[in-house]
Peer 1: 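The structure follows.
Note on naming: letters A, B, ... go to the chains in the order of the sequence lines (proteins, then strands), and numbering restarts at 1 for each one.
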Amino acid sequence: MRYGPLLVTFVVGTALVAMFFIPHHKVQEGQSVLLDWANVVYAFALILGSLSLWASHQRKFLSRAEGWPYSFVTLAALAFVTIAGVVQGVEEGTLVNRYYNMVNSPLASTMFALLAFFIASAAFRAFRARNAEATLLLGTAIIMMIGRVSVGEFLWSGFPPVTEWLLDVPNLAAKRAIALGIGLGAVSTALKIILGIDRSYLGRS
Amino acid sequence: MNGVETWIAAILTICVFSFLYRDNPLYRFAEHLFVGSAAGYLLAVQYQNVIKPNVVERIASGNMLAFIPLAMGLLVLGRLWEKTTPISRWAIAFYVGIYSGIAIPSYLQAQVFAQLADAVKPFEPGWHAINSVLILLGFLSVVAYFFFSAPHKGVHGAAARVGIWFLMIAFGASFGYTVMARASLLIDRVLFLLRDALHVLPAI
Amino acid sequence: MSEALNTSWFDPARINLLVGLALFVAFLVINIGRARSGREMYIRPMAGLKAIDEAIGRATEMGRRVLYLPGLGDMSEVGTLASIAILSRVARRAAEMGCDLDVPGYDPVASTIMDGAARQAYIEAGRGDAYRPGTVHYVSAQQFAYVAAVTGIMLRDRPAANIYMGSFYAESLFLAETGNQTGAIQIAGCDQVTQLPFFVCACDYTLLGEELFAAGAFLGREPVQLATIAAQDWAKALAAAMVVVSLLASVLGHPELGRLLQTR
Amino acid sequence: MAAKRPGGWAARLMGLDRRIIFALIFLATGLPLLFPVNLPITPSPRVRAAFDTVDRQPPGTYVLMSLDYEPDIKAELQPMAIAVLRHCFRKGLKPIVLTLYPAAPGLIERALVIAGTAEGKKRNEDYVFLGYKSGSQSVILGLGESIRQMFPNDFWGTPLDKIPMMKGKNSFADFPLVINLSGSSIADYYIRIAATRYQRPMVLGATAVMATDYYPYLSSKQILGLIGGMKGAAEYEKLMDITGDARRGMDAQSLIHVTIAILVLLGNLALFLTGGFRPGGSGGSREGTGR
């Protein structure tokens, strides 16, 4: 029982790595079947998560804990959208699709839009030329900001080419080195899991 | 969207903007409504696009193979009760095995080999070669900065220091050119409020 | 014309990737051997990781929670796997110090895994009974619904420390800026390059890119784990050397060395 | 008022309440929308290349348009879609439109109605909307084989065989031009499959953040034009001589960027006055910049 799951991870993991190198159509079909199974496991994990989300808000609502009316809103929305979506579907013309355009979409796009405010407050607080490095950071950011809008072009026609040079040379060099490091770090992390060196995911560290 | 739906969307938009002032009942309402609605939408989409085609319809059409993913899914639900929690590890092990196995070759190809293939492209002709040299210098100095097994001292320390300068320029550039994307989203929301909700601006 | 069904058992165009992978596994095995034979594995200190202990200590003194955000990547993002390894170390420290932990989850599978990992960490710290069942709780798998819920936690529960470890996307600035506003000490580690500038600007400590992957091993301090970081360094040195050598070769008129790295 | 120490207002400025910054950003967005200034827009070579590629198609040419963006990021790509659709209609081209995003059909239907009424074009005569199909990469591969296998009916349920416009149109081969507007990796699939494998001339529209990653494909001619973000869409509207949401937004873009730049400069002026600058850097601690 203890080593069973570790063996499953090793066998399945090694098989998926091997499938990358085997173009045989039967093997590729096998891979897509395994991926479909993984998607089903994800769906059931989502059900598990949603049940625990429901339970925590229900507990808060029934015990009239602080903020219980808000929990009722979550419970009502969760129940309505799930039932309507499962019964009628979610595509264009269904109830849930109209609800999505009326509730989910404006909430998501407005939350996304708040980033414009936070980028301003973060720039104001953090872009302080305390030392050489901070000056490099804020100087590049200012040049990039001004150079990318029409007023920048208006002030000096050289702005846009400078912003493109910043992206094509220093930014590219640093991003390439970071990507290389991330790639090797990711391969190492995934290998540790398949080879059983790191078992924290099984609740044993 | 018809009139009422536009108004509801506009009210929810204002509830979210109110967060900028401070945390308040309007924002808290929008937050809880969003958490419930999003969870519901995800469950509905997962049922329609994953569970129904891969499990319900396959079993209905007599494909017995579909019982395996169903069984693994039920193993995951085993975590609902204390004594059945250990058996859920089998489904988790399968899931982690799948995505670790996929990750190794795809990260190796996209993040390691693709970057190196780009890095070894021959120098550009003429004075553009300066850019190629700068890119190589930047690449090597940032790699030196990320080296773990040696302290940042001596030549390695100097290279790491140059690496920090390249990192700072890269972060400044990346920060700067993200501003436009975020500003676009805010412009879209304010345009929605001014035109579609308040009709202060003419419709297109 | 549909492609004839492929029946070959090996794709020769991907031989270079196979060699690369074999080399990496070899580096791993060699370094694990070195670590097991007792050689001391030096890894340079990372300020962000030292700060995690201080942050948990400060939260314990103030009697407030530590908020651990595992990122918005699903399990196909290896940053999420790295975050699980870091969480089990952070949970153990929190258990030893008697500090309360709060882990709002984005990916449902990762949330399930982290619940197990955190529970196990408390048991190994001898504090199995102190583990609060709702510590790891799934919140939402929609990007900004998750942000709405987490910012609500930040502003109402006022955790003393916010730890961001994993793959974060456009929402990174929203979370870090709100956290900064509450005065919490903030430590971030992220493998999404475009989000690093925002964490650098809004957090006290930021682990850059691959430092996220080294953090789990570094916090664990087990020799075998440190060996994997050494293996990464060997591979990085080899990659840098290959770039220099093949550029030199192409300048001297032999560009074919570079074509070895082309992949399909 | 008693003469304050010069550091007085500077110290206050350093600790400025961020809600004042939020109010400034709100004004910088709303005012230019209400009172447009119309700062000059000069189309960049990349957007002009995209415009020329569409412009030189003879009337009646069929164009495959894949519009792949969710409502959350429609700010940059919806105005772009409307401008490109109007261009196709004005040139008498025949766009066949589809999407690979589940929540996009409503948006695209609205874009087609706006562009259609503006240029006097009608459904199933001048354009066809195939709607949404899940499975991004597999759908694009499918379009190389047979459109009808991927999209048996159009968005409103009419079988393709009953639409005269679709007669003889079976796969990529029948489309001399492919246009993809995307906010994600779907652009890579179209470049790899439509442009490279099936050698289709292709124009790409992308969000501002993504656009820079596709400059190399332009220089390698895998794509013939690149429209980047709201600025690219505004440039396309300028070339079309129309004023859409992109051009309306450009004044606000400039004012927001200038506002942030001025705030940062003021903050540093205040820092300088309160003696915060330590020349020569503070050693290796990169985190110092974050505080």
Side-chain angles (χ1 to χ4, degrees), chain A residues 17 20-28 38 41-42 45-50 52-53 56 67 104 107-109 111-112 114-115 117-119 121-123 125-127 137 141 174-175 177-193 195 197-198 200-205, chain C residues 5-11 14 17-18 21 24-25 28 78 81-82 84-85 88-89 92 105 108-109 111-113 116-117 119-121 124 134 137-139 141-145 147-148 170 173-174 177 180 191 193 198 201-202 208-210 212-214 216 224-225 228 231-232 235-236 239:
Chain A
V17 172
F20 178 82
F21 297 99
I22 306 169
H24 193 293
H25 69 90
K26 270 271 175 277
V27 168
Q28 293 305 314
V41 171
Y42 176 92
L46 191 70
I47 294 168
L48 177 72
S50 306
S52 75
L53 183 72
S56 74
N104 295 43
L107 285 175
S109 46
M111 293 279 289
F112 217 140
L114 290 192
L115 283 170
F117 295 100
F118 293 134
I119 213 163
S121 60
R125 186 195 61 253
F127 284 175
L137 179 77
K175 267 191 176 174
I178 295 174
L180 171 67
I182 286 171
L184 293 173
V187 168
S188 164
T189 303
L191 263 177
K192 278 193 292 187
I193 285 170
L195 301 176
I197 298 168
D198 177 358
S200 48
Y201 70 97
L202 276 182
R204 253 177 235 96
S205 45
Chain C
L5 288 179
N6 194 319
T7 53
S8 64
W9 283 93
F10 181 69
D11 182 349
R14 291 185 166 169
L17 280 163
L18 194 58
L21 183 56
F24 192 89
V25 171
L28 205 59
V78 184
L81 293 169
I84 292 166
S88 62
R89 303 304 190 304
R92 185 175 182 133
V109 179
S111 306
T112 313
I113 293 171
R119 195 188 299 271
Q120 184 67 25
E124 278 163 11
H137 52 109
Y138 164 77
V139 164
Q142 201 282 344
Q143 179 182 25
F144 279 99
V147 168
L173 180 62
F174 197 123
E177 204 34 34
N180 183 293
D191 64 349
V193 180
F198 303 118
C201 287
L208 303 178
E210 66 183 276
L212 169 71
F213 296 104
V224 170
Q225 292 284 350
T228 60
Q232 275 172 244
K236 231 178 300 178

Peer 1: Please determine, among A/L195, A/L53, A/V41, the option with the most heavy-atom pairs under 4.5 Å with chain C.
Peer 2: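 Heavy-atom pairs under 4.5 Å are most numerous for A/L53.
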Peer 1: Side chain, backbone, both or neither: which part of A/S50 has a non-hydrogen atom closer than 4.5 Å to chain C?
Peer 2: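 Answer is both: backbone and side chain atoms of A/S50 are under 4.5 Å from chain C.
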Peer 1: Please identify, among C/V139, C/V78, C/L81, the residue contributing the most non-hydrogen atom pairs under 4.5 Å to chain A.
Peer 2: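 It is C/V78.
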Peer 1: Which heavy-atom pair separates C/Q232 from A/S188 by the least distance, and what is that distance?
Peer 2: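 Shortest heavy-atom separation between C/Q232 and A/S188 comes out as OE1-OG, 3.4 Å.
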Peer 1: What part of C/A214 lies closer than 4.5 angstrom to a heavy atom of chain A: side chain, backbone, both or neither?
Peer 2: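 Neither part.
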Peer 1: Decide yes or no for C/D11 and A/F20: does some side-chain heavy atom of the first lie under 4.5 Å from some side-chain heavy atom of the second?
Peer 2: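 Not in contact.
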Peer 1: Considering only heavy atoms, which portion of A/L48 lies under 4.5 Å from any heavy atom of chain C: side chain, backbone, both, or neither?
Peer 2: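 For A/L48, the side chain is the part near chain C, not the backbone.
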Peer 1: Are the side chains of C/W9 and A/I22 in contact, using a 4.5 Å heavy-atom criterion?
Peer 2: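 They are in side-chain contact.
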Peer 1: Between C/V193, C/D191, C/L173, which shows the greatest number of heavy-atom pairs under 4.5 Å with chain A?
Peer 2: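 Of C/V193, C/D191, C/L173, C/L173 has the most heavy-atom pairs under 4.5 Å with chain A.
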Peer 1: Please report the closest heavy-atom contact between C/T7 and A/H24, naming both atoms and the distance.
Peer 2: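 It is O-CD2, 3.1 Å.
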Peer 1: Can you name the closest pair of heavy atoms from C/G209 and A/I178 and give their distance?
Peer 2: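 What the structure gives for the nearest pair is CA-CG2, 4.3 Å.
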Peer 1: Testing the basics here: between C/S111 and C/G105, what is the closest heavy-atom pair and its distance to 0.1 Å?
Peer 2: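 Answer, listing the atom of C/S111 first, then C/G105: OG-CA, 3.4 Å.
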Peer 1: Under 4.5 Å from any heavy atom of chain A, what part of C/T112 do you find: side chain, backbone, both or neither?
Peer 2: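 For C/T112, the side chain is the part near chain A, not the backbone.
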Peer 1: Closest heavy-atom contact between C/P108 and C/Y138?
Peer 2: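 Answer, listing the atom of C/P108 first, then C/Y138: CA-CD1, 4.1 Å.
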Peer 1: Under 4.5 Å heavy-atom distance to chain A, tell me which part of C/F24 shows up: side chain, backbone, both or neither.
Peer 2: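 Looking at C/F24, just its side chain touches chain A.
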Peer 1: Could you grab the distance from atom OH of A/Y201 to atom NZ of A/K192, nearest 0.5 Å is fine?
Peer 2: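 A/Y201 atom OH to A/K192 atom NZ measures 13.0 Å (nearest 0.5 Å).
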Peer 1: With only heavy atoms counted, which part of A/F112 is less than 4.5 Å from chain C, the side chain, the backbone, both or neither?
Peer 2: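 Both parts, backbone and side chain.
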Peer 1: Give the minimum heavy-atom separation between A/F127 and C/C201, together with the two atoms involved.
Peer 2: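 Shortest heavy-atom separation between A/F127 and C/C201 comes out as CE2-SG, 3.7 Å.
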Peer 1: Report which part of C/E177 has an atom under 4.5 Å of a heavy atom belonging to chain A: side chain, backbone, both, or neither.
Peer 2: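 It is the side chain, since no backbone atom gets that close.
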Peer 1: Relative to chain A, which segment of C/A235 carries a heavy atom at a distance below 4.5 Å: side chain, backbone, both, or neither?
Peer 2: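 Both backbone and side chain.
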Peer 1: Which region of C/A85, side chain (C-beta onward) or backbone (N, CA, C, O), has a non-hydrogen atom less than 4.5 Å from a non-hydrogen atom of chain A, or is it both or neither?
Peer 2: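 Both parts, backbone and side chain.
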Peer 1: By a 4.5 Å heavy-atom criterion (distance strictly below it), what part of A/L191 contacts chain C: side chain, backbone, both, or neither?
Peer 2: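 Contact with chain C: side chain only.
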Peer 1: Which label fits C/F174 and A/F118: parallel for a plane angle under 30°, tilted from 30 to 60°, or perpendicular past 60°?
Peer 2: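 Aromatic pair C/F174/A/F118 classed perpendicular.
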Peer 1: So what's closer than 4.5 Å to chain C heavy atoms on A/I193: side chain, backbone, both or neither?
Peer 2: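 The side chain, not the backbone.
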Peer 1: Please flag which part of C/L21 lies under 4.5 Å from any non-hydrogen atom of chain A: side chain, backbone, both or neither.
Peer 2: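 For C/L21, the contact with chain A is made by the side chain alone.
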Peer 1: What option among A/S52, A/A174, A/S121, A/G183 has the most heavy-atom pairs under 4.5 Å with chain C?
Peer 2: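 Among A/S52, A/A174, A/S121, A/G183, the one with the most close pairs to chain C is A/S121.
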Peer 1: Against chain C, label A/L115 side chain, backbone, both or neither, depending on which of its atoms sit under 4.5 Å from a heavy atom there.
Peer 2: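 Both parts, backbone and side chain.
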Peer 1: Name the option with the most non-hydrogen atom pairs under 4.5 Å to chain A; the candidates are C/L212, C/V109, C/T228.
Peer 2: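 Max contact count across the listed options: C/T228.
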Peer 1: Could you grab the distance from atom CZ of C/R89 to atom OG of A/S200, nearest 0.5 Å is fine?
Peer 2: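 Taking CZ in C/R89 and OG in A/S200, the distance rounds to 6.5 Å.
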